[in-house]
Amino acid sequence: MQALIWRGPNDMVVADLERPIPGAGEVLIAVRAVGICGSDIHGYTGASGRRTPGMVMGHEFAGEVVAHGPGVDEPAVGTRVAVNPLLYCGECSDCRMEREQLCRRRTSIGVNLGQRGGFAEWVTAPARNAVRLADNVSFAAGTLAEPLAVGLRATTVADPRAGQPLLVLGGGTIGLCTLLACRERGTDPVFVTDITPHKLAMIARLGGQPRDSRTTDLTALGREVTDGRGFATIIDAVAVSGTIRQALPALAPGGVLMLVGLATPMVEVGLYDLVPQERIIKSAYAYSAAEYRQAVEWLNTGRVEIGPLLEAHCTLADAPAMFARLAAGQVAAVKVVVEL
């Protein structure tokens with residue numbers, strides 16, 4: 001089969017690999033579409049240090065079930081599915097509490113499983129991770145179940161009140177999916193920051209209130225749209241030292257700063273902006289299995305307007321060049337999908 005191999009920083013090629021065989025409890029999926037995640041770009045450049053040379057990336061993918069492993073009857077062969085890439089034991093205390101993303105034995109397709117990734121013609125996955133995709137939802141749209149589930153998780157943990165102003169830092173895919181999840185639960189208005197005109201326009205298109213983070217005083221904005229206390233909740237979808245410095249003074253006393261971004265392994269936190277006001281820092285990682293299924297259900301029922309994010313497409317053969325262009329900042333599209 002054809003697959004996209006990452007050989008090291010800024011080095012990707014399409015090469016032949018052996019077609020995988022589904023094991024017990026698994027299905028074989030013919031991959032139809034794979035989203036390029038920001039974390040894939042950080043892995044491609046070597047910036048994150050979370051990718052291993054020789055691997056196949058791709059954790060936002062959808063396709064069709066084409067074969068069963070031993071003990072599997074469902075989903076039936078021919079079923080269109082979006083695939084939860086997080087693999088979990090199902091037995092530990094966190095899994096039993098439906099917090100599969102915290103499983104100590106978790107791994108992830110396309111992240112730390114070698115050549116088992118979505119940027120390939122076929123991939124195996126546990127049958128329980130393959131969630132049916134409605135016939136009227138494109139495979140490209142199905143790839144967005146994964147980032148939508150991340151936004152859903154961040155919003156669930158932050159737990160903002162309906163009708164309460166909220167601030168999201170960063171208008172990338174995760175920030176925009178967080179915006180959609182917040183609006184789905186009645187949070188309004190949702191202010192979202194970015195620095196690029198294209199993303200600021202997308203924020204407005206999705207019902208958010210765009211603000212240029214270079215020119216907006218976020219502390220003043222928080223006081224203006226509340227009773228002068230500041231935002232009760234801020235979700236940081238970038239999570240670098242600069243955005244945290246912006247966020248903490250804009251929070252109300254006792255407010256919650258939710259970190260969902262993973263742009264860098266280390267950040268600085270201003271304790272004088274945190275402790276004296278009893279501001280709270282929380283974090284959210286990935287999503288539970290139930291939250292991934294809920295994200296797919298949102299796609300299947302059209303409850304969120306996800307289509308505008310799908311702005312660019314390429315083939316597997318063109319993917320190495322697309323990765324290079326994305327890493328160089330030459331592509332403005334919010335989400336690029338590789339179609340097989």
Side-chain angles (χ1 to χ4, degrees), residues 6 8-11 36-53 55 57 59-60 85-86 94 99 101-108 110-113 146-147 149-151 153-158 166-178 192-196 199 212-214 216 218-219 222 230-231 233-251 254-287 323 326-329:
W6 182 68
N10 303 302
D11 185 5
I36 299 178
C37 177
S39 65
D40 292 328
I41 301 302
H42 295 149
Y44 169 76
T45 63
S48 71
R50 301 179 71 205
R51 301 294 189 268
T52 303
M55 71 170 293
M57 297 189 203
H59 58 276
E60 303 174 358
L86 286 181
D94 284 309
R99 302 188 306 190
Q101 77 279 12
L102 301 182
C103 175
R104 295 301 91 190
R105 286 178 274 182
R106 73 172 186 260
T107 53
S108 183
V111 176
N112 50 22
L113 284 176
E146 201 277 343
V150 174
R153 178 65 187 167
T155 307
T156 299
V157 176
L166 181 141
L167 175 63
V168 176
L169 302 180
T173 304
I174 298 303
L176 293 171
C177 286
T178 300
V192 186
T193 66
D194 209 89
I195 61 174
T196 65
K199 288 181 180 175
D212 189 323
S213 59
R214 296 168 299 185
T216 303
L218 298 180
T219 300
F231 291 104
T233 306
I234 298 177
I235 300 177
D236 190 344
V238 183
V240 296
S241 296
T243 56
I244 293 172
R245 279 195 297 270
Q246 284 183 311
L248 285 175
L251 273 176
V256 172
L257 171 60
M258 167 60 60
L259 304 181
V260 65
L262 279 172
T264 179
M266 298 291 290
V267 296
E268 294 181 355
V269 176
L271 287 183
Y272 286 5
D273 285 327
L274 178 69
V275 177
Q277 302 294 328
E278 291 193 356
R279 292 168 174 140
I280 300 163
I281 294 179
K282 291 185 176 182
S283 63
Y285 176 74
Y287 36 79
F323 265 84
L326 285 164

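Note that the structure is predicted; figures quoted are calculated from it, not measured.
Looking only at side-chain heavy atoms (C-beta outward), F323 and I41 come within less than 4.5 Å of each other. The closest side-chain heavy-atom distance from V157 to V260 is not below 4.5 Å. Between N112 and T52 the shortest side-chain heavy-atom distance does not fall below 4.5 Å. Inter-residue side-chain proximity for V192 and T178 is flagged as unmet; no heavy-atom pair is nearer than 4.5 Å.
Counting all heavy atoms, side chain and backbone alike, A154 lies closest to A284 at CA-CB, 3.8 Å. Nearest approach of I195 to S213, heavy atoms of both residues: CG2-OG, 3.2 Å. Heavy-atom minimum distance, P147 versus T173: CB-CG2, 3.7 Å. Minimum interatomic distance between A239 and G261 (heavy atoms only, all atoms of both residues): CB-O, 3.3 Å. Between Y44 and D11, the shortest heavy-atom contact is CE1-N, 3.8 Å. For the residue pair L248 and G270, the shortest heavy atom distance occurs at CD1-O, 3.9 Å.
Atom CD of residue Q246 and atom CD1 of residue I234 lie 9.5 Å apart, to the nearest 0.5 angstrom. To the nearest 0.5 Å, the span separating CG on L251 from CD1 on I280 amounts to 9.5 Å. Note that CD of Q101 is 4.5 Å distant from CZ of R153, once rounded to the nearest 0.5 Å. Taking CD1 of I36 as the start and CG of L326 as the end, the distance is 5.5 Å to the nearest 0.5 Å. L102 contributes atom CG, which lies 5.0 Å from atom CG of D94 (distance to the nearest 0.5 angstrom). Interatomic distance, CD of E60 versus CG of D40, reported as 7.0 Å (0.5 Å rounding).
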*asked:* Checking I244 against L259 for the side chain to side chain contact (heavy atoms under 4.5 Å, CB included) test, could you report, in this order, the C-alpha distance in whole Å, the side-chain angles of both residues, the deciding distance, and whether it holds?
replied: CA-CA 9 Å; I244 293 172; L259 304 181; 4.2 Å; yes
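Using a distance-only test at 3.5 Å, with no hydrogens or angles considered, no donor-acceptor pair links the side chain of R51 to the main chain of W6. Here the side chain of R279 pairs no donor or acceptor atom with the backbone of L257 at under 3.5 angstrom. No donor-acceptor pair closer than 3.5 Å links the side chain of R106 to the backbone N or O of L86. Side-chain atoms of E146 do not come within 3.5 Å of backbone N or O of P85 as any donor-acceptor pair.
Each of T216, L218, D236 was evaluated against T193; a single residue qualifies, L218, per the side chain to side chain contact (heavy atoms under 4.5 Å, CB included) test.
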